[in-house]
Number of protein chains: 2
Amino acid sequence: MNLKSANGPRRDPHDETRRQILEAAGEVFAEAGFGRATVREICRRAGANIAAVNYHFRDKETLYGEVLRDSQRMAFEKYPPLPGVAADARPEEKLRAFVRSFLLRLFDNGPITRFGRIMSREMVEPTGALDSLLKERLRPMADLLRGIMAEILGRSPDDEQVRLCVFSVVSQCVFYHHCRTMISRLFPEQRLDATMVDRLADHITGFSLAALKHLPEAKKSKSRRSPPATRKH
Amino acid sequence: MNLKSANGPRRDPHDETRRQILEAAGEVFAEAGFGRATVREICRRAGANIAAVNYHFRDKETLYGEVLRDSQRMAFEKYPPLPGVAADARPEEKLRAFVRSFLLRLFDNGPITRFGRIMSREMVEPTGALDSLLKERLRPMADLLRGIMAEILGRSPDDEQVRLCVFSVVSQCVFYHHCRTMISRLFPEQRLDATMVDRLADHITGFSLAALKHLPEAKKSKSRRSPPATRKH
DNA sequence: TGACATGTCAAACAAATGTTTTAATTTCTT
DNA sequence: AAGAAATTAAAACATTTGTTTGACATGTCA
(Lines give C-alpha, C1' and ligand atoms only; values in the text may rest on other atoms or scores of the structure.)
Protein backbone atom coordinates (compact mmCIF):
# COMPACT_ATOMS: atom_id res chain seq x y z
CA MET A 1 0.00 0.00 0.00
CA ASN A 2 1.17 3.44 -0.80
CA LEU A 3 0.81 5.91 2.00
CA LYS A 4 2.08 8.84 0.00
CA SER A 5 -0.82 8.96 -2.38
CA ALA A 6 -3.25 8.94 0.52
CA ASN A 7 -1.67 11.17 3.15
CA GLY A 8 1.32 12.64 1.41
CA PRO A 9 4.88 12.12 2.61
CA ARG A 10 5.73 12.59 6.24
CA ARG A 11 6.57 16.11 7.29
CA ASP A 12 9.80 15.47 9.11
CA PRO A 13 11.49 18.56 10.45
CA HIS A 14 14.65 17.50 8.68
CA ASP A 15 12.92 17.13 5.36
CA GLU A 16 15.42 19.19 3.50
CA THR A 17 14.60 18.21 -0.04
CA ARG A 18 11.05 19.42 0.19
CA ARG A 19 12.14 22.78 1.50
CA GLN A 20 14.76 23.21 -1.19
CA ILE A 21 12.31 22.31 -3.90
CA LEU A 22 9.86 24.89 -2.58
CA GLU A 23 12.65 27.46 -2.61
CA ALA A 24 13.83 26.62 -6.10
CA ALA A 25 10.27 26.45 -7.39
CA GLY A 26 9.69 29.96 -6.09
CA GLU A 27 12.57 31.23 -8.16
CA VAL A 28 11.68 29.38 -11.31
CA PHE A 29 7.96 30.12 -11.21
CA ALA A 30 8.68 33.79 -10.64
CA GLU A 31 11.12 33.91 -13.53
CA ALA A 32 9.28 31.79 -16.06
CA GLY A 33 5.68 31.54 -14.94
CA PHE A 34 3.81 28.32 -14.41
CA GLY A 35 3.71 27.29 -18.04
CA ARG A 36 7.31 27.91 -18.98
CA ALA A 37 8.76 26.66 -15.73
CA THR A 38 9.93 23.05 -15.89
CA VAL A 39 10.14 20.59 -13.05
CA ARG A 40 13.52 19.58 -14.37
CA GLU A 41 14.89 23.06 -13.86
CA ILE A 42 13.32 23.27 -10.43
CA CYS A 43 14.86 19.96 -9.38
CA ARG A 44 18.18 20.92 -10.87
CA ARG A 45 18.36 24.09 -8.77
CA ALA A 46 17.16 22.20 -5.71
CA GLY A 47 19.83 19.56 -6.25
CA ALA A 48 17.15 16.91 -6.23
CA ASN A 49 16.03 14.14 -8.50
CA ILE A 50 13.44 14.71 -11.16
CA ALA A 51 10.93 12.52 -9.37
CA ALA A 52 11.19 14.60 -6.20
CA VAL A 53 8.49 17.05 -7.20
CA ASN A 54 5.94 14.32 -7.76
CA TYR A 55 6.95 12.60 -4.55
CA HIS A 56 6.96 15.51 -2.13
CA PHE A 57 4.16 17.36 -3.83
CA ARG A 58 1.54 15.66 -5.88
CA ASP A 59 2.30 17.35 -9.16
CA LYS A 60 3.57 20.57 -10.65
CA GLU A 61 0.29 22.36 -10.13
CA THR A 62 0.08 21.54 -6.42
CA LEU A 63 3.66 22.69 -6.03
CA TYR A 64 2.76 25.96 -7.69
CA GLY A 65 -0.13 26.40 -5.31
CA GLU A 66 2.13 25.95 -2.31
CA VAL A 67 4.66 28.37 -3.73
CA LEU A 68 1.99 31.00 -4.20
CA ARG A 69 0.63 30.46 -0.71
CA ASP A 70 4.11 30.66 0.76
CA SER A 71 5.26 33.79 -1.03
CA GLN A 72 1.98 35.51 -0.29
CA ARG A 73 2.26 34.73 3.40
CA MET A 74 5.83 36.01 3.54
CA ALA A 75 4.93 39.20 1.70
CA PHE A 76 2.03 40.08 3.97
CA GLU A 77 3.89 39.10 7.11
CA LYS A 78 6.67 41.51 6.28
CA TYR A 79 4.40 44.21 4.86
CA PRO A 80 0.92 44.20 6.42
CA PRO A 81 -1.58 46.54 4.75
CA LEU A 82 -1.51 49.15 7.52
CA PRO A 83 1.75 48.75 9.43
CA GLY A 84 1.65 50.49 12.76
CA VAL A 85 -1.24 52.76 11.98
CA ALA A 86 -3.71 53.42 14.74
CA ALA A 87 -7.25 52.27 14.08
CA ASP A 88 -8.50 55.81 14.59
CA ALA A 89 -5.84 57.47 12.50
CA ARG A 90 -6.89 59.94 9.83
CA PRO A 91 -7.90 58.20 6.60
CA GLU A 92 -5.31 60.24 4.70
CA GLU A 93 -2.61 58.72 6.84
CA LYS A 94 -4.06 55.27 6.34
CA LEU A 95 -4.05 55.77 2.60
CA ARG A 96 -0.41 56.74 2.61
CA ALA A 97 0.53 53.69 4.69
CA PHE A 98 -1.55 51.43 2.50
CA VAL A 99 0.09 52.66 -0.69
CA ARG A 100 3.57 52.42 0.78
CA SER A 101 3.06 48.86 1.99
CA PHE A 102 1.58 47.94 -1.36
CA LEU A 103 4.63 49.18 -3.19
CA LEU A 104 7.07 47.62 -0.76
CA ARG A 105 5.35 44.29 -1.19
CA LEU A 106 6.03 44.49 -4.89
CA PHE A 107 9.48 46.00 -4.91
CA ASP A 108 11.12 44.39 -1.92
CA ASN A 109 14.40 42.78 -2.79
CA GLY A 110 14.87 39.14 -1.96
CA PRO A 111 12.44 36.25 -2.00
CA ILE A 112 9.43 38.47 -1.55
CA THR A 113 9.83 39.74 -5.07
CA ARG A 114 8.43 36.40 -6.15
CA PHE A 115 5.02 37.32 -4.89
CA GLY A 116 4.78 40.31 -7.18
CA ARG A 117 6.17 38.47 -10.14
CA ILE A 118 3.79 35.58 -9.76
CA MET A 119 0.84 37.88 -9.18
CA SER A 120 1.60 39.79 -12.36
CA ARG A 121 1.23 36.60 -14.31
CA GLU A 122 -1.87 35.57 -12.41
CA MET A 123 -3.51 38.78 -13.58
CA VAL A 124 -3.00 37.88 -17.21
CA GLU A 125 -3.65 34.18 -17.01
CA PRO A 126 -5.07 33.18 -13.67
CA THR A 127 -4.62 29.66 -12.37
CA GLY A 128 -6.71 27.76 -9.88
CA ALA A 129 -4.31 28.73 -7.15
CA LEU A 130 -5.63 32.28 -7.25
CA ASP A 131 -9.01 31.51 -5.74
CA SER A 132 -7.99 30.95 -2.16
CA LEU A 133 -5.58 33.87 -2.22
CA LEU A 134 -8.40 36.04 -3.41
CA LYS A 135 -10.68 35.18 -0.55
CA GLU A 136 -8.05 35.22 2.17
CA ARG A 137 -6.01 38.26 1.21
CA LEU A 138 -7.21 40.30 -1.69
CA ARG A 139 -10.84 40.73 -0.72
CA PRO A 140 -10.00 41.97 2.81
CA MET A 141 -7.46 44.33 1.22
CA ALA A 142 -10.05 45.64 -1.19
CA ASP A 143 -12.59 46.14 1.58
CA LEU A 144 -10.03 47.92 3.69
CA LEU A 145 -9.13 50.36 0.96
CA ARG A 146 -12.76 50.84 0.10
CA GLY A 147 -13.42 51.83 3.68
CA ILE A 148 -10.56 54.31 3.73
CA MET A 149 -11.71 55.82 0.48
CA ALA A 150 -15.31 56.06 1.64
CA GLU A 151 -14.17 57.92 4.70
CA ILE A 152 -12.11 60.38 2.73
CA LEU A 153 -14.91 60.99 0.25
CA GLY A 154 -17.63 60.99 2.88
CA ARG A 155 -19.63 58.45 0.96
CA SER A 156 -20.87 54.93 1.32
CA PRO A 157 -18.33 52.18 0.64
CA ASP A 158 -20.79 50.84 -1.91
CA ASP A 159 -20.89 54.09 -3.83
CA GLU A 160 -19.75 53.80 -7.42
CA GLN A 161 -17.43 56.76 -7.16
CA VAL A 162 -15.76 55.18 -4.16
CA ARG A 163 -15.19 52.03 -6.19
CA LEU A 164 -13.74 53.98 -9.12
CA CYS A 165 -11.43 55.87 -6.80
CA VAL A 166 -10.25 52.60 -5.30
CA PHE A 167 -9.37 51.55 -8.81
CA SER A 168 -7.53 54.79 -9.43
CA VAL A 169 -5.32 54.30 -6.40
CA VAL A 170 -4.66 50.60 -6.85
CA SER A 171 -3.94 51.05 -10.53
CA GLN A 172 -1.14 53.48 -9.78
CA CYS A 173 0.35 51.05 -7.27
CA VAL A 174 0.40 48.01 -9.50
CA PHE A 175 1.43 49.94 -12.60
CA TYR A 176 5.05 50.46 -11.71
CA HIS A 177 5.59 46.80 -11.11
CA HIS A 178 3.35 45.35 -13.75
CA CYS A 179 4.56 47.54 -16.59
CA ARG A 180 8.10 47.88 -15.43
CA THR A 181 9.66 46.50 -18.62
CA MET A 182 7.73 49.02 -20.69
CA ILE A 183 8.55 51.84 -18.29
CA SER A 184 12.22 51.00 -18.35
CA ARG A 185 12.31 51.13 -22.13
CA LEU A 186 10.24 54.28 -22.56
CA PHE A 187 11.68 56.13 -19.59
CA PRO A 188 15.16 54.82 -18.89
CA GLU A 189 15.65 57.61 -16.37
CA GLN A 190 12.94 56.11 -14.16
CA ARG A 191 14.43 53.96 -11.46
CA LEU A 192 12.27 51.04 -10.41
CA ASP A 193 13.43 49.40 -7.22
CA ALA A 194 12.99 49.51 -3.47
CA THR A 195 14.86 52.81 -3.23
CA MET A 196 12.12 54.50 -5.23
CA VAL A 197 9.25 53.27 -3.12
CA ASP A 198 9.08 56.29 -0.85
CA ARG A 199 9.14 58.70 -3.71
CA LEU A 200 6.50 56.76 -5.62
CA ALA A 201 4.34 56.47 -2.52
CA ASP A 202 4.62 60.23 -2.05
CA HIS A 203 3.52 60.88 -5.58
CA ILE A 204 0.67 58.37 -5.62
CA THR A 205 -0.80 59.55 -2.33
CA GLY A 206 -0.25 63.18 -3.19
CA PHE A 207 -1.82 62.80 -6.59
CA SER A 208 -4.71 60.76 -5.30
CA LEU A 209 -5.47 62.93 -2.29
CA ALA A 210 -5.41 66.04 -4.45
CA ALA A 211 -7.90 64.34 -6.73
CA LEU A 212 -10.10 63.05 -3.92
CA LYS A 213 -10.34 66.44 -2.26
CA HIS A 214 -11.26 68.27 -5.44
CA LEU A 215 -13.23 65.69 -7.34
CA PRO A 216 -16.10 67.16 -9.35
CA GLU A 217 -19.25 66.52 -7.32
CA ALA A 218 -21.17 63.47 -8.47
CA LYS A 219 -24.61 62.53 -7.25
CA LYS A 220 -24.44 60.43 -4.16
CA SER A 221 -26.35 57.26 -4.82
CA LYS A 222 -27.05 55.87 -1.37
CA SER A 223 -25.11 58.05 1.01
CA ARG A 224 -25.55 56.69 4.50
CA ARG A 225 -22.42 58.16 5.93
CA SER A 226 -22.86 61.12 8.26
CA PRO A 227 -19.51 62.87 8.71
CA PRO A 228 -18.99 64.41 5.29
CA ALA A 229 -15.88 66.31 6.23
CA THR A 230 -12.72 64.56 7.18
CA ARG A 231 -11.11 67.65 5.86
CA LYS A 232 -7.88 68.77 7.24
CA HIS A 233 -8.75 72.36 8.00
CA MET B 1 16.80 25.46 -54.29
CA ASN B 2 14.13 26.67 -52.01
CA LEU B 3 12.86 30.12 -52.79
CA LYS B 4 10.51 30.26 -49.83
CA SER B 5 13.25 30.35 -47.28
CA ALA B 6 14.96 33.17 -49.10
CA ASN B 7 12.15 35.44 -50.22
CA GLY B 8 9.08 33.96 -48.67
CA PRO B 9 6.11 32.75 -50.69
CA ARG B 10 4.51 34.91 -53.33
CA ARG B 11 1.98 37.42 -52.08
CA ASP B 12 -0.87 36.64 -54.44
CA PRO B 13 -3.98 38.64 -53.79
CA HIS B 14 -5.94 35.39 -53.79
CA ASP B 15 -3.72 33.89 -51.16
CA GLU B 16 -6.56 32.92 -48.91
CA THR B 17 -4.80 30.47 -46.64
CA ARG B 18 -2.27 33.00 -45.47
CA ARG B 19 -4.97 35.46 -44.59
CA GLN B 20 -6.98 32.89 -42.69
CA ILE B 21 -3.96 31.75 -40.75
CA LEU B 22 -3.22 35.33 -39.76
CA GLU B 23 -6.81 35.70 -38.61
CA ALA B 24 -6.85 32.46 -36.65
CA ALA B 25 -3.45 33.17 -35.17
CA GLY B 26 -4.75 36.49 -33.90
CA GLU B 27 -7.50 34.70 -32.00
CA VAL B 28 -5.32 31.96 -30.59
CA PHE B 29 -2.42 34.20 -29.58
CA ALA B 30 -4.84 36.57 -27.87
CA GLU B 31 -6.51 33.75 -25.98
CA ALA B 32 -3.50 31.67 -25.04
CA GLY B 33 -0.42 33.85 -25.47
CA PHE B 34 2.58 32.97 -27.55
CA GLY B 35 3.76 30.12 -25.38
CA ARG B 36 0.52 28.29 -24.87
CA ALA B 37 -0.73 28.86 -28.40
CA THR B 38 -0.09 25.91 -30.71
CA VAL B 39 0.31 26.00 -34.46
CA ARG B 40 -1.96 22.99 -34.63
CA GLU B 41 -4.83 24.92 -33.09
CA ILE B 42 -4.14 27.88 -35.33
CA CYS B 43 -4.17 25.72 -38.44
CA ARG B 44 -7.26 23.89 -37.29
CA ARG B 45 -9.20 27.14 -36.93
CA ALA B 46 -7.84 28.36 -40.24
CA GLY B 47 -8.88 25.13 -41.92
CA ALA B 48 -5.34 24.67 -43.12
CA ASN B 49 -2.71 21.99 -42.92
CA ILE B 50 -0.24 21.89 -40.08
CA ALA B 51 2.60 22.74 -42.41
CA ALA B 52 0.89 25.91 -43.58
CA VAL B 53 2.32 28.10 -40.85
CA ASN B 54 5.89 27.17 -41.70
CA TYR B 55 5.21 27.57 -45.39
CA HIS B 56 3.47 30.94 -45.44
CA PHE B 57 5.40 32.34 -42.52
CA ARG B 58 8.80 31.18 -41.56
CA ASP B 59 7.95 29.89 -38.12
CA LYS B 60 5.65 30.46 -35.20
CA GLU B 61 7.62 33.42 -33.96
CA THR B 62 7.51 35.28 -37.25
CA LEU B 63 3.79 34.63 -37.44
CA TYR B 64 3.40 36.12 -33.98
CA GLY B 65 5.30 39.19 -35.05
CA GLU B 66 3.01 39.74 -38.01
CA VAL B 67 -0.06 39.24 -35.85
CA LEU B 68 1.15 41.84 -33.39
CA ARG B 69 1.97 44.28 -36.18
CA ASP B 70 -1.42 43.71 -37.77
CA SER B 71 -3.54 44.07 -34.66
CA GLN B 72 -1.59 47.13 -33.61
CA ARG B 73 -2.14 48.78 -36.97
CA MET B 74 -5.85 48.03 -36.89
CA ALA B 75 -6.22 49.33 -33.35
CA PHE B 76 -4.49 52.65 -34.05
CA GLU B 77 -6.24 53.10 -37.38
CA LYS B 78 -9.62 52.83 -35.75
CA TYR B 79 -8.64 54.71 -32.60
CA PRO B 80 -5.89 57.28 -33.19
CA PRO B 81 -4.52 58.90 -30.03
CA LEU B 82 -6.29 62.22 -30.53
CA PRO B 83 -9.28 61.65 -32.81
CA GLY B 84 -10.67 64.87 -34.22
CA VAL B 85 -9.01 67.14 -31.73
CA ALA B 86 -7.67 70.42 -33.02
CA ALA B 87 -3.94 70.92 -32.62
CA ASP B 88 -4.59 74.08 -30.61
CA ALA B 89 -7.27 72.57 -28.43
CA ARG B 90 -7.01 72.98 -24.68
CA PRO B 91 -4.74 70.35 -23.09
CA GLU B 92 -7.60 69.27 -20.84
CA GLU B 93 -9.63 68.39 -23.90
CA LYS B 94 -6.68 66.54 -25.39
CA LEU B 95 -6.27 64.56 -22.23
CA ARG B 96 -9.88 63.47 -22.27
CA ALA B 97 -9.66 62.39 -25.92
CA PHE B 98 -6.42 60.57 -25.27
CA VAL B 99 -7.85 58.62 -22.37
CA ARG B 100 -11.03 57.78 -24.26
CA SER B 101 -9.15 56.48 -27.27
CA PHE B 102 -6.83 54.52 -25.03
CA LEU B 103 -9.74 52.75 -23.39
CA LEU B 104 -11.57 52.14 -26.65
CA ARG B 105 -8.45 50.58 -28.10
CA LEU B 106 -8.46 48.09 -25.24
CA PHE B 107 -12.17 47.44 -24.90
CA ASP B 108 -13.37 47.52 -28.48
CA ASN B 109 -15.33 44.45 -29.35
CA GLY B 110 -14.20 42.45 -32.32
CA PRO B 111 -10.75 41.71 -33.67
CA ILE B 112 -9.22 44.80 -32.12
CA THR B 113 -9.54 43.25 -28.67
CA ARG B 114 -6.61 41.09 -29.66
CA PHE B 115 -4.26 44.03 -29.46
CA GLY B 116 -5.04 44.64 -25.82
CA ARG B 117 -4.88 40.99 -24.92
CA ILE B 118 -1.56 40.49 -26.61
CA MET B 119 -0.14 43.67 -25.13
CA SER B 120 -1.13 42.56 -21.64
CA ARG B 121 1.01 39.49 -22.06
CA GLU B 122 3.85 41.44 -23.61
CA MET B 123 4.00 43.49 -20.44
CA VAL B 124 4.61 40.44 -18.30
CA GLU B 125 6.84 38.49 -20.65
CA PRO B 126 7.95 40.61 -23.58
CA THR B 127 8.97 38.97 -26.82
CA GLY B 128 11.23 40.27 -29.54
CA ALA B 129 8.21 41.47 -31.46
CA LEU B 130 7.73 44.26 -28.94
CA ASP B 131 10.76 46.27 -29.99
CA SER B 132 9.51 47.67 -33.27
CA LEU B 133 6.07 48.36 -31.81
CA LEU B 134 7.73 50.31 -29.08
CA LYS B 135 9.60 52.59 -31.40
CA GLU B 136 6.83 53.09 -33.91
CA ARG B 137 3.81 53.50 -31.66
CA LEU B 138 4.42 53.54 -27.97
CA ARG B 139 7.19 56.09 -27.80
CA PRO B 140 5.27 58.66 -29.87
CA MET B 141 2.26 58.03 -27.66
CA ALA B 142 4.30 58.55 -24.53
CA ASP B 143 5.80 61.76 -25.91
CA LEU B 144 2.37 63.01 -26.88
CA LEU B 145 0.94 62.46 -23.42
CA ARG B 146 4.03 63.91 -21.83
CA GLY B 147 3.51 67.07 -23.86
CA ILE B 148 -0.13 67.35 -22.85
CA MET B 149 0.73 66.82 -19.22
CA ALA B 150 3.55 69.34 -19.33
CA GLU B 151 1.17 71.90 -20.75
CA ILE B 152 -1.44 71.31 -18.04
CA LEU B 153 1.16 71.46 -15.29
CA GLY B 154 3.07 74.32 -16.85
CA ARG B 155 6.32 72.46 -16.56
CA SER B 156 8.96 71.02 -18.80
CA PRO B 157 8.16 67.68 -20.44
CA ASP B 158 11.36 66.39 -18.87
CA ASP B 159 10.28 67.31 -15.38
CA GLU B 160 10.03 64.38 -13.01
CA GLN B 161 6.60 65.35 -11.79
CA VAL B 162 5.37 65.42 -15.36
CA ARG B 163 6.66 61.91 -15.86
CA LEU B 164 5.04 60.64 -12.69
CA CYS B 165 1.73 62.19 -13.68
CA VAL B 166 1.98 60.51 -17.06
CA PHE B 167 2.29 57.26 -15.19
CA SER B 168 -0.70 58.09 -13.02
CA VAL B 169 -2.91 58.63 -16.03
CA VAL B 170 -1.68 55.71 -18.09
CA SER B 171 -1.87 53.37 -15.13
CA GLN B 172 -5.56 54.07 -14.68
CA CYS B 173 -6.17 53.40 -18.38
CA VAL B 174 -4.42 50.07 -18.56
CA PHE B 175 -5.65 48.90 -15.18
CA TYR B 176 -9.20 48.11 -16.17
CA HIS B 177 -8.07 45.90 -18.98
CA HIS B 178 -4.99 44.40 -17.46
CA CYS B 179 -6.55 43.46 -14.14
CA ARG B 180 -10.01 42.74 -15.45
CA THR B 181 -10.14 39.18 -14.12
CA MET B 182 -9.28 40.40 -10.65
CA ILE B 183 -11.72 43.30 -10.88
CA SER B 184 -14.50 41.01 -12.00
CA ARG B 185 -13.97 38.73 -9.05
CA LEU B 186 -13.56 41.41 -6.40
CA PHE B 187 -16.19 43.75 -7.78
CA PRO B 188 -18.74 41.73 -9.74
CA GLU B 189 -20.91 44.83 -10.01
CA GLN B 190 -18.24 46.52 -12.17
CA ARG B 191 -19.03 46.11 -15.85
CA LEU B 192 -16.01 45.94 -18.08
CA ASP B 193 -16.82 46.32 -21.73
CA ALA B 194 -17.13 48.92 -24.43
CA THR B 195 -20.31 50.31 -22.90
CA MET B 196 -18.36 51.40 -19.85
CA VAL B 197 -15.67 53.25 -21.73
CA ASP B 198 -17.32 56.65 -21.59
CA ARG B 199 -18.00 56.39 -17.89
CA LEU B 200 -14.47 55.20 -17.18
CA ALA B 201 -13.00 57.93 -19.36
CA ASP B 202 -15.05 60.50 -17.45
CA HIS B 203 -13.78 59.23 -14.14
CA ILE B 204 -10.15 58.93 -15.17
CA THR B 205 -9.99 62.39 -16.70
CA GLY B 206 -12.00 63.91 -13.88
CA PHE B 207 -9.86 62.28 -11.24
CA SER B 208 -6.63 63.14 -12.99
CA LEU B 209 -7.50 66.73 -13.82
CA ALA B 210 -8.60 67.34 -10.25
CA ALA B 211 -5.26 65.99 -9.13
CA LEU B 212 -3.24 67.93 -11.69
CA LYS B 213 -4.92 71.23 -10.82
CA HIS B 214 -4.41 70.84 -7.09
CA LEU B 215 -1.17 68.96 -6.88
CA PRO B 216 0.97 70.05 -3.95
CA GLU B 217 3.75 72.17 -5.35
CA ALA B 218 6.91 70.12 -5.68
CA LYS B 219 10.39 71.42 -6.11
CA LYS B 220 11.99 70.62 -9.38
CA SER B 221 14.09 67.69 -8.23
CA LYS B 222 13.53 67.00 -4.56
CA SER B 223 10.84 64.95 -2.88
CA ARG B 224 8.80 66.48 -0.14
CA ARG B 225 7.29 65.16 3.01
CA SER B 226 4.21 67.08 4.01
CA PRO B 227 2.12 65.23 6.59
CA PRO B 228 3.11 64.29 10.13
CA ALA B 229 3.17 60.66 9.17
CA THR B 230 6.66 59.43 9.91
CA ARG B 231 6.79 57.39 13.04
CA LYS B 232 9.67 55.05 12.68
CA HIS B 233 12.76 57.10 12.08
C1' DT C 1 1.05 19.68 -74.16
C1' DG C 2 4.91 19.73 -70.97
C1' DA C 3 7.98 21.82 -67.85
C1' DC C 4 7.87 24.54 -63.72
C1' DA C 5 6.77 27.21 -59.83
C1' DT C 6 3.38 27.26 -56.16
C1' DG C 7 0.48 25.53 -52.81
C1' DT C 8 -1.55 21.54 -50.00
C1' DC C 9 -1.45 17.42 -47.50
C1' DA C 10 -0.37 13.35 -44.57
C1' DA C 11 3.20 11.53 -42.20
C1' DA C 12 7.11 11.54 -39.66
C1' DC C 13 10.88 13.69 -36.89
C1' DA C 14 13.24 15.51 -33.01
C1' DA C 15 13.08 17.65 -28.88
C1' DA C 16 10.90 18.75 -24.51
C1' DT C 17 7.87 17.88 -20.71
C1' DG C 18 5.10 15.95 -16.66
C1' DT C 19 4.64 11.76 -14.73
C1' DT C 20 5.31 6.90 -13.43
C1' DT C 21 7.87 2.85 -12.45
C1' DT C 22 11.06 0.00 -10.25
C1' DA C 23 14.97 -0.73 -7.71
C1' DA C 24 18.37 0.95 -4.45
C1' DT C 25 19.33 3.48 -0.31
C1' DT C 26 18.55 5.74 3.89
C1' DT C 27 15.99 6.39 8.16
C1' DC C 28 13.12 5.06 11.80
C1' DT C 29 10.93 1.79 14.97
C1' DT C 30 10.85 -2.22 17.67
C1' DA D 1 20.31 -5.62 14.80
C1' DA D 2 16.23 -6.55 11.79
C1' DG D 3 12.44 -5.37 9.43
C1' DA D 4 9.46 -1.76 7.82
C1' DA D 5 8.74 2.65 6.13
C1' DA D 6 10.34 6.67 3.89
C1' DT D 7 13.20 8.71 0.54
C1' DT D 8 16.19 8.95 -3.50
C1' DA D 9 17.76 7.67 -8.02
C1' DA D 10 17.87 6.31 -12.93
C1' DA D 11 15.30 5.08 -16.54
C1' DA D 12 11.44 4.85 -19.23
C1' DC D 13 6.69 6.33 -20.64
C1' DA D 14 3.22 8.91 -22.83
C1' DT D 15 2.12 13.34 -24.75
C1' DT D 16 2.70 17.41 -26.86
C1' DT D 17 5.21 20.62 -29.44
C1' DG D 18 7.38 23.11 -33.68
C1' DT D 19 9.24 21.77 -37.71
C1' DT D 20 10.52 19.14 -41.88
C1' DT D 21 9.92 15.91 -45.56
C1' DG D 22 8.36 14.07 -49.79
C1' DA D 23 4.50 13.06 -52.53
C1' DC D 24 0.66 15.06 -54.87
C1' DA D 25 -2.33 18.68 -56.91
C1' DT D 26 -3.00 22.98 -59.40
C1' DG D 27 -2.34 26.73 -62.19
C1' DT D 28 0.74 29.34 -65.53
C1' DC D 29 3.14 30.04 -69.62
C1' DA D 30 6.45 28.57 -73.32
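Naming convention: chains lettered A, B, ... in sequence-line order (proteins, then strands); numbering from 1 in each chain.
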A:Y55 has an atom OH; how far is it from atom P of D:dA11, in whole Å?
21 Å

Starting from the C-alpha separation in whole Å, work towards a yes-or-no answer on side-chain contact (heavy atoms from CB on, under 4.5 Å) for B:R139 and B:D143.
CA-CA 6 Å; B:R139 193 173 303 277; B:D143 291 340; 4.0 Å; yes

Give a yes/no answer on whether the side chain of B:N49 brings an N or O atom under 4.0 Å of OP1 or OP2 in C:dA10.
yes

In whole Å, what is the span from the CG atom of B:L63 to the C1' atom of D:dT19?
14 Å

Please give, in whole Å, the distance from D:dT8 P to A:R18 CZ?
12 Å

Taking the side chain as everything from C-beta on, heavy atoms only, tell me whether A:V124 gets closer than 4.5 Å to A:H178.
yes

Just to confirm, is there a sub-4.0 Å distance from OP1 or OP2 of D:dT8 to any side-chain nitrogen or oxygen of A:T17?
yes

With salt bridge (Lys or Arg N to Asp or Glu O under 4.0 Å) as the test, would you mind laying out the steps for A:D158 and A:R163 before giving the verdict?
CA-CA 7 Å; A:D158 299 322; A:R163 171 164 29 97; over 6 Å; no

Nucleotide by nucleotide, nucleotides 14-19 of chain C touches protein heavy atoms under 4.0 Å in the pattern (B base, S sugar-phosphate only, - none) ---BBB

Tell me: CZ of B:F29 to P of D:dT17, nearest whole Å?
13 Å

Regarding B:E122 and B:T127, is there a side-chain donor-to-acceptor distance under 3.5 Å anywhere?
yes

Euclidean distance, atom CD of residue A:E16 to atom C1' of D:dA6 [Å, nearest integer]
16 Å

Do any side-chain nitrogens or oxygens of B:H56 fall under 4.0 Å of OP1 or OP2 in C:dT6?
no

Can you measure B:F57 atom CZ to D:dG18 atom P for me and round it to whole angstrom units?
15 Å

From CZ of B:R44 over to C1' of C:dA10, roughly how many Å is that when rounded to an integer?
18 Å

Under the ring pair (Phe, Tyr, Trp, His ring centres under 6.0 Å) test, which residues partner B:F175, sequence neighbours left out?
A:F167

Electrostatic pair B:E23:B:R114 at N-O distance under 4.0 angstrom:
yes

